[in-house]
Amino acid sequence: MASIIVIAVVLVLDVLAFVLAIGAERRRSYAYVNVDSYGRAYCVYSSDASTAYGVSALLLLLAAQAVAMVATRCFCCGRALSPGRRRAWSGICFIACWVTFVIAELCLLAGSVRNAYHTKYTSLFSKDPPRCAMLRKGVFAAGAAFTFLTALFTELHYLFYARARDAADVPPPIVGGIGMTRM
């Protein structure tokens, strides 16, 4: 039987990571060009909250993945699972959860780093206004989508793993009624 505690902890961590990734997308930094009293143009940025949201989502997703992998012994350590559909689906979900996890982490990390970068120079030697660096729309949203997929595949992996592990505990049935050995 699958542990309700493991399922709940992983689900709560993944949902929090998803919500923070959506919040990071909503709170991205925006920039506009301002001119100081000397006539020099420079970039002014809005709130930088999405960097903290993105890093928090990244860490929560990492914690959820770690809890799930410790609970399933990373699918390769521990005793053997019973062969069959459940073990096969557990392996497929294991690979899918790691692929989506890596993509989600990369999106959240790249979004956080890019959002934290602010253009620091002014247009002292140029008449053109400075180009203000901003994060493209949708980077954190992609991270949130892959966070959701990671949560789905991780939960399915754990459920299939638990069922295959429980099926391995049952001894094989004894076929035939009479033994053919001497006593």
Side-chain angles (χ1 to χ4, degrees), residues 1-29 47-118 133-171:
M1 179 82 183
S3 173
I4 301 297
I5 295 172
V6 172
I7 292 172
V9 167
V10 171
L11 188 64
V12 166
L13 291 173
D14 282 335
V15 166
L16 285 175
F18 177 76
V19 168
L20 285 172
I22 294 294
E25 178 65 30
R26 300 276 301 153
R27 300 284 309 253
R28 285 182 299 118
S29 294
S47 172
D48 198 25
S50 66
T51 300
Y53 288 170
V55 170
S56 299
L58 182 137
L59 293 175
L60 286 172
L61 186 62
L62 181 66
Q65 192 76 357
V67 168
M69 291 304 121
V70 165
T72 61
R73 295 181 184 98
C74 201
F75 195 64
C76 58
C77 300
R79 65 177 189 231
L81 300 176
S82 67
R85 287 180 292 164
R86 292 182 179 126
R87 184 173 77 174
W89 279 110
S90 179
I92 291 168
C93 290
F94 174 78
I95 292 168
C97 83
W98 273 105
V99 168
T100 56
F101 170 75
V102 168
I103 294 171
E105 290 283 312
L106 289 175
C107 287
L108 292 171
L109 182 64
S112 297
V113 167
R114 183 69 177 156
N115 191 65
Y117 177 75
H118 297 287
M134 289 189 297
L135 177 66
R136 282 187 166 179
K137 189 175 187 176
V139 175
F140 285 120
F146 280 105
T147 298
F148 175 76
L149 289 175
T150 301
L152 177 73
F153 287 127
T154 302
E155 293 289 340
L156 287 174
H157 164 62
Y158 179 70
L159 290 173
F160 284 126
Y161 176 85
R163 289 198 177 169
R165 182 189 62 214
D166 291 344
D169 289 340
V170 177

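Just so we're clear, the structure is a prediction, and the values are computed from it rather than from any experiment. Note: hydrogens, waters and symmetry copies are ignored here, and every other heavy atom, side chains too, is used.
When all heavy atoms of S29 and S50 are compared, the closest pair comes out as N-OG, 4.1 Å. Residue G54 comes nearest to A24 through the heavy atom pair N-CB, 3.9 Å, listed as atom of the first residue, atom of the second, then distance. Closest of all the heavy-atom pairs between A71 and Y161 is O-CE2, 4.2 Å. Minimum interatomic distance between F18 and A144 (heavy atoms only, all atoms of both residues): CD1-O, 3.2 Å.
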Show me, pair by pair, the donor-acceptor contacts under 3.5 angstrom made by side chains of residues 92-110, not counting sequence neighbours?
unit_1 : atom_1 : unit_2 : atom_2 : d
T100   : OG1    : A96    : O      : 2.9
T100   : OG1    : C97    : O      : 3.2
T100   : OG1    : T150   : OG1    : 3.1

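Inter-residue side-chain proximity for H157 and M69 is flagged as met; some heavy-atom pair is nearer than 4.5 Å. Side-chain contact between Y53 and R26 is absent, with no heavy-atom pair separated by less than 4.5 Å. Using a 4.5 Å heavy-atom cutoff, the side chains of Y158 and V6 are in contact.
Atom-to-atom distance recorded for L152:CG and T147:OG1 is 12.5 Å, nearest 0.5 angstrom. One distance of note links CG of L61 with CD of Q65; it measures 6.5 Å at 0.5 Å rounding. In this structure, the separation between CG on L11 and OG1 on T154 is 10.5 Å, given to the nearest 0.5 Å. Here the CG-CG distance, from L62 to L13, works out to 10.5 Å after rounding to the nearest 0.5 Å. L20 CG to F140 CZ: the interatomic distance, rounded to the nearest 0.5 Å, is 11.0 Å.
Partners of S56 under the side chain to side chain donor-acceptor pair (under 3.5 Å) rule, at least two apart in sequence or in another chain, do not exist in this structure.
No side-chain donor-acceptor contact under 3.5 Å links E25 to the backbone of K137.
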